[in-house]
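The sequence lines fix the lettering, A, B, ..., with proteins before strands; numbering per chain opens at 1. Everything numeric in this text was worked out from a predicted model, so none of it was measured.
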Protein chains: 2
Amino acid sequence: MSVHLLQTATSVLLKDPTASLGDVAKAAGVGRTTLHKRFPTRADLIHALATEALDLVDEAISGVDLDTDDAIEQLVEKLVPLGPRVEFLLRFPNLQDDERLSVRLTTMDQPVIDLISRLQGTRLRADLPAWWIAQILYAGVYSAWEGIAAGRLAPLDAPRLVLTTFYLGVRDAGATDRQ
Amino acid sequence: MSVHLLQTATSVLLKDPTASLGDVAKAAGVGRTTLHKRFPTRADLIHALATEALDLVDEAISGVDLDTDDAIEQLVEKLVPLGPRVEFLLRFPNLQDDERLSVRLTTMDQPVIDLISRLQGTRLRADLPAWWIAQILYAGVYSAWEGIAAGRLAPLDAPRLVLTTFYLGVRDAGATDRQ
DNA sequence: CAGGAGGTGAACACTCATGTTCACAACGGT
DNA sequence: ACCGTTGTGAACATGAGTGTTCACCTCCTG
């Protein structure tokens, strides 16, 4: 139930960062007093949401063997379902105000950057900055989650769509005109 | 100066959607009274920001000849500099509460979707949904703007980076292992 | 110089989210 | 049956953002 509370709070605050704690409590089907008992202040709640999201993403990344051939494939599989949590970390304002959160945020994707750097020259283009490739990867994952949330994309189709776009782009390889 | 006010307000409210009108006024180097005189309520200000952003994006899209070969290239060139305004439209919550804004938001990128649909089968892969290709395009533009804002990407490099990733993906075409 | 337009800070009343306390109900274990 | 735990609504004080008014200033124009 506590998990469900954090999940609901994440969704509510993402949809409207100015939502009152009363709104959050109501959405979670819980009394405002109870919410205050578990998270004394609004900052505490947001900190808890960020920490939980960081834990989940860390867990997803560390659950992937970064030395196998399909590391990126595994990563995408694991990240897509985290949808709102990733969104919270990427979009919620002023998360970097907290020292410890800031550190975790900046170091979180270092393993991913390293992985990409390692793959550049073999499976990945070496003429692009590693951080850019990581950004594009995250953007794809996030876009896929948006599509799922909007009902336009089947969850099981998401990883394939993200990966094929990520690796091959959108150009028709059989097209006669090249540029 | 009015333009600068709207631009500053956009940046401030994006960085912190809960920022007070006093903060906005101070950031814009203007008195809070003046701000209230021009935009009687907070909702009026946000509505004005959204409308201006919509105008700019509309202008960018309609300024591109969608029948030429390099329509997408032109589009990217024009959209990247709009950075924060696009971000505002994509990320600011509850914009769809306003009827007229909502309509403009949903119909804004229809020409782009149509363009993509037209190009599918010739220059663009036909095995991907048009809306997905549009999302990936926007994500690339937005990522580029983030890179520029973070100082990691030179503005003049942005369009090339977006387009090559968009069309070709990130796979090393010369790699020996295929999948 | 006179007067209007636009901008400003100060002050005010008002609303609302917030944080706190308290009394009460439901529940499980002893 | 007793008691600690957990959750709840009600009520309250507080603080901050908001919207408004007003007197004052500067600048530009007739």
**Student:** Would you kindly check whether a donor in the side chain of B/Arg32 faces an acceptor in the base of D/dG19, or vice versa, at under 3.5 angstrom?
**Tutor:**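 Result: at least one qualifying N/O pair found.
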**Student:** Would you indicate what A/Ser20 reaches in the nucleic acid, counting non-hydrogen atoms under 4.0 angstrom: base, sugar-phosphate, or nothing?
**Tutor:**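 Touches sugar-phosphate only.
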**Student:** What is the distance from CZ of B/Arg42 to P of C/dT15, rounded to the nearest Å?
**Tutor:**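 Going from B/Arg42 (CZ) to C/dT15 (P), I get 19 Å.
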**Student:** For A/Thr107, enumerate each residue passing the side-chain hydrogen bond (donor to acceptor under 3.5 Å, both in side chains) test, keeping only those at least two apart in sequence or located in another chain.
**Tutor:**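 By the side-chain hydrogen bond (donor to acceptor under 3.5 Å, both in side chains) rule, A/Thr107 matches no residue at all.
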**Student:** Looking at D/dT8, I'd like to know if its phosphate oxygens (OP1 or OP2) sit under 4.0 Å from a side-chain N or O belonging to A/Thr33.
**Tutor:**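 No, outside the criterion.
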**Student:** Quickly work out the B/Asp44 CG to D/dT20 P distance and round it to whole Å.
**Tutor:**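 It works out to 10 Å between those atoms.
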**Student:** Determine whether the side chains of A/Ser117 and A/Asp114 contain a donor N or O and an acceptor N or O closer than 3.5 Å.
**Tutor:**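 No pair is found: no donor N or O on one side chain lies under 3.5 Å from an acceptor on the other.
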**Student:** Ignoring the backbone of A/Leu21, work out which of D/dG7, C/dG7, C/dG19 is nearest its side chain.
**Tutor:**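 Between D/dG7, C/dG7, C/dG19, the one nearest the side chain of A/Leu21 would be C/dG19.
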**Student:** Counting heavy atoms from C-beta on, name the nucleotide in D/dG7, C/dG7, C/dG19 closest to the side chain of A/His36.
**Tutor:**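 The closest nucleotide is C/dG19.
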**Student:** Nearest whole angstrom, please: distance from the C1' of D/dG9 to the NZ of A/Lys26.
**Tutor:**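 So the NZ-C1' distance, A/Lys26 to D/dG9, works out to 14 Å.
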**Student:** Please tell me which of B/Thr18 and A/Thr34 maps to the more 5' nucleotide of DNA chain D, matching each residue to the nucleotide holding its nearest heavy atom.
**Tutor:**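 The residue mapped nearer the 5' terminus is A/Thr34.
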**Student:** Output yes when A/Asp55 and A/Arg104 qualify as a salt bridge under the 4.0 Å nitrogen-oxygen rule, no when they do not.
**Tutor:**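 The answer is yes: the pair qualifies as a salt bridge.
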**Student:** Between B/Glu146 and B/Arg91 (salt bridge meaning N to carboxylate O under 4.0 Å), is one present in this structure?
**Tutor:**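 No, B/Glu146 and B/Arg91 are not salt-bridged.
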**Student:** How about A/Arg152: does its CZ atom have over 12 heavy atoms from other parts shown lying under 6.0 Å from it?
**Tutor:**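 Yes, enclosed.
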**Student:** Can you check the B/Lys37 NZ to D/dA23 P distance for me, whole Å?
**Tutor:**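 The answer, rounded to whole Å, is 13 Å.
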**Student:** Using whole Å, report how far CZ of A/Phe39 lies from C1' of C/dT18.
**Tutor:**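 Distance check: A/Phe39 CZ to C/dT18 C1' gives 17 Å.
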**Student:** Please report, rounded to the nearest Å, how far the C1' atom of C/dG6 is from the CG atom of B/Leu35.
**Tutor:**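 Those two atoms, CG and C1', are 15 Å apart.
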**Student:** Spell out yes or no: do the side chain of B/Thr41 and the base of D/dG19 have one donor N/O and one acceptor N/O closer than 3.5 Å?
**Tutor:**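 By the distance-only test, no, there is no pair.
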**Student:** To the nearest angstrom, how far is B/Asp16 atom CG from D/dG17 atom P?
**Tutor:**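 Result: 11 Å.
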**Student:** Return the value, rounded to whole Å, for the distance between atom CZ of B/Arg38 and atom C1' of D/dG19.
**Tutor:**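 Between C1' of D/dG19 and CZ of B/Arg38: 18 Å.
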